[in-house]
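What follows is one structure encoded as structure tokens, with my remarks underneath.
Chain naming here is simple, since letters A, B, ... match the order of the sequence lines and numbering starts at 1 in each.
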There are 2 protein chains.
Amino acid sequence: MPLREHRTPRVVREDVAMLELAILGFLYDTPLHGYELRKRITALTGHVRPIAESTLYPAIKRLEKAGLLERTTEPGAVAAPRHVLTLTGAGGQELRRRLAEPGRRDITDENRWFTVLAFLRHLDDPAAQSAVLRRRLAFLEEPASFFYDGDRPLSAEEFDDPFRRGILTIARATSRAETRWLRETLASLED
Amino acid sequence: MPLREHRTPRVVREDVAMLELAILGFLYDTPLHGYELRKRITALTGHVRPIAESTLYPAIKRLEKAGLLERTTEPGAVAAPRHVLTLTGAGGQELRRRLAEPGRRDITDENRWFTVLAFLRHLDDPAAQSAVLRRRLAFLEEPASFFYDGDRPLSAEEFDDPFRRGILTIARATSRAETRWLRETLASLED
DNA sequence: GGAGAATACATCGGAACCGATGTATTGCGA
DNA sequence: TCGCAATACATCGGTTCCGATGTATTCTCC
């Protein structure tokens, strides 16, 4: 008798979600080859978190292997031959699923959240879009403090480290701006 | 003749920097055991990006192996025995080095940047602190657009996708608030 | 007195990431 | 014409990351 069963749990790795989401999202609009895809991803999130080629190409392969996209080889317009990537039906479905049910970190981590937002229009049901925005709003409304004195959260005014004060100052400003935008957008989605 | 030499390049992995920085930063103040360290890291960045135990403990081991911290075993106050972690001289030096010369992504990625800010006071030279803040300021002043029409950046007003408009709206508000804080803090550091 | 949460650590395996490097071709400026 | 940048892809190795799981103790609530 084995001590435990060896299931293959198809662990959903939180960290890859963002890159794969971006690939699916861009291809949902139009087929692209890898190099162009890379330029668009770089424009979207590259200034904050660049994606290496050696990360992108394996990711494309994974998605292909999973049946979410297909490749067709074309003679290179200007250099080496291109692999034009086209989203499959399953790929489109998977994109919509990931947008409708983002993981917790897609909601909490600004980098990921922006990627979700960048493609949220592909979810054609406004109620589903609203639901996602409301999750983010709920997160922003959770009381979150960065620093504690024992169990008591410290406010920005209370400590003299100007850098830690800055963290709170900036986080608050961001939160206020985004909360406002979320409320406005939610209101306009309900028309 | 080998086609290439097999150097061991000591590749600096960008992604680990944040966690290790947080460990070094917290221990710089006072020795802690792993469990307490985890609670503090969770309070600092956990609401955005939680750290698994199975990430923290290996990280501690790495730092120990690198001679940046030392462990001493203590009988557990309430449960299992604790490993109290103490920063070595080399550890303090390394912390200051990482704070004074943050990698590009420590500057551009808000998550990492906040971690740098959280411990920047440990850099005792105000000029060095200023230099780090100025790097962030320079980054925020770079013209960065998320979406392009060919090569022309699109402003928030130009496209009708409300979610992409939101990204720009929020990013702008954040950038303005932080720029303002950076300028104020830089001014006060120069006194 | 039994269940469950909190304390406190640890390992293993699978997956994803990145830097370095390689291979070609085309276009452009010096 | 020489070299460099851009286009366009690919692999390898090393490292980190995480979920699942395990072990053991103590405290609290029912």
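- For the pair B/I60 CD1 and C/dA8 C1', the computed distance is 11 Å after rounding to whole Å.
- Atoms CD1 (A/I51) and P (C/dC17) sit 7 Å apart, rounded to a whole Å.
- Spacing between atom CG of A/L19 and atom C1' of C/dC18 amounts to 12 Å, rounded to whole angstrom units.
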Inset, instruction - Would you please test A/E141 and A/R183 for salt bridge (Lys or Arg N to Asp or Glu O under 4.0 Å) and show each step? - result: CA-CA 12 Å; A/E141 281 169 346; A/R183 287 195 211 284; 2.9 Å; yes

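- Atom-to-atom, CD of B/E20 to P of D/dT16 comes out at 7 Å; the value is rounded to the nearest Å.
- For B/H122, the side-chain contact (heavy atoms from CB on, under 4.5 Å) criterion is met by B/Y28, B/D29, B/L95, B/L99, B/F119, not counting sequence neighbours.
- Closest approach of A/V132 to A/P102, counting heavy atoms only: CG1-CG, 4.1 Å.
- Taking 4.0 angstrom as the limit, B/R62 places a side-chain polar atom (N or O) nearer than this to OP1 or OP2 of D/dC17.
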Taking only nitrogen or oxygen atoms into account, show me every contact under 3.5 Å that the protein makes with nucleotides 9-11 of chain C, one pair per line with its distance.
{"residue": "C/dC9", "atom": "OP1", "partner": "B/H83", "partner atom": "N", "Å": "2.7"}
{"residue": "C/dC9", "atom": "OP2", "partner": "B/G34", "partner atom": "N", "Å": "3.2"}
{"residue": "C/dC9", "atom": "OP2", "partner": "B/Y35", "partner atom": "N", "Å": "2.6"}
{"residue": "C/dC9", "atom": "N4", "partner": "B/E53", "partner atom": "OE1", "Å": "3.0"}
{"residue": "C/dA10", "atom": "OP1", "partner": "B/R71", "partner atom": "NH1", "Å": "3.2"}
{"residue": "C/dT11", "atom": "OP1", "partner": "B/K61", "partner atom": "NZ", "Å": "3.2"}
{"residue": "C/dT11", "atom": "OP2", "partner": "B/K61", "partner atom": "NZ", "Å": "2.5"}

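- Annotation: A/E70, atom CD; neighbour count of heavy atoms from other residues, nucleotides and ligands within 6.0 Å does not exceed 12.
- For the pair B/R104 CZ and C/dG19 C1', the computed distance is 17 Å after rounding to whole Å.
- Between A/M18 atom CE and D/dC17 atom P there is a gap of 15 Å when expressed in whole angstrom units.
- As rounded to whole Å, 15 Å separates atom C1' of D/dC18 from atom CD1 of B/I41.
- Closest heavy-atom contact between A/R112 and A/R105: CD-O, 3.1 Å.
- Annotation for A/R180: atom CZ does not count as buried by contact number, only 12 or fewer foreign heavy atoms lying within 6.0 Å.
- Applying the 4.0 Å criterion to OP1 and OP2 of C/dT7, one finds that B/R38 has every side-chain N and O outside that range.
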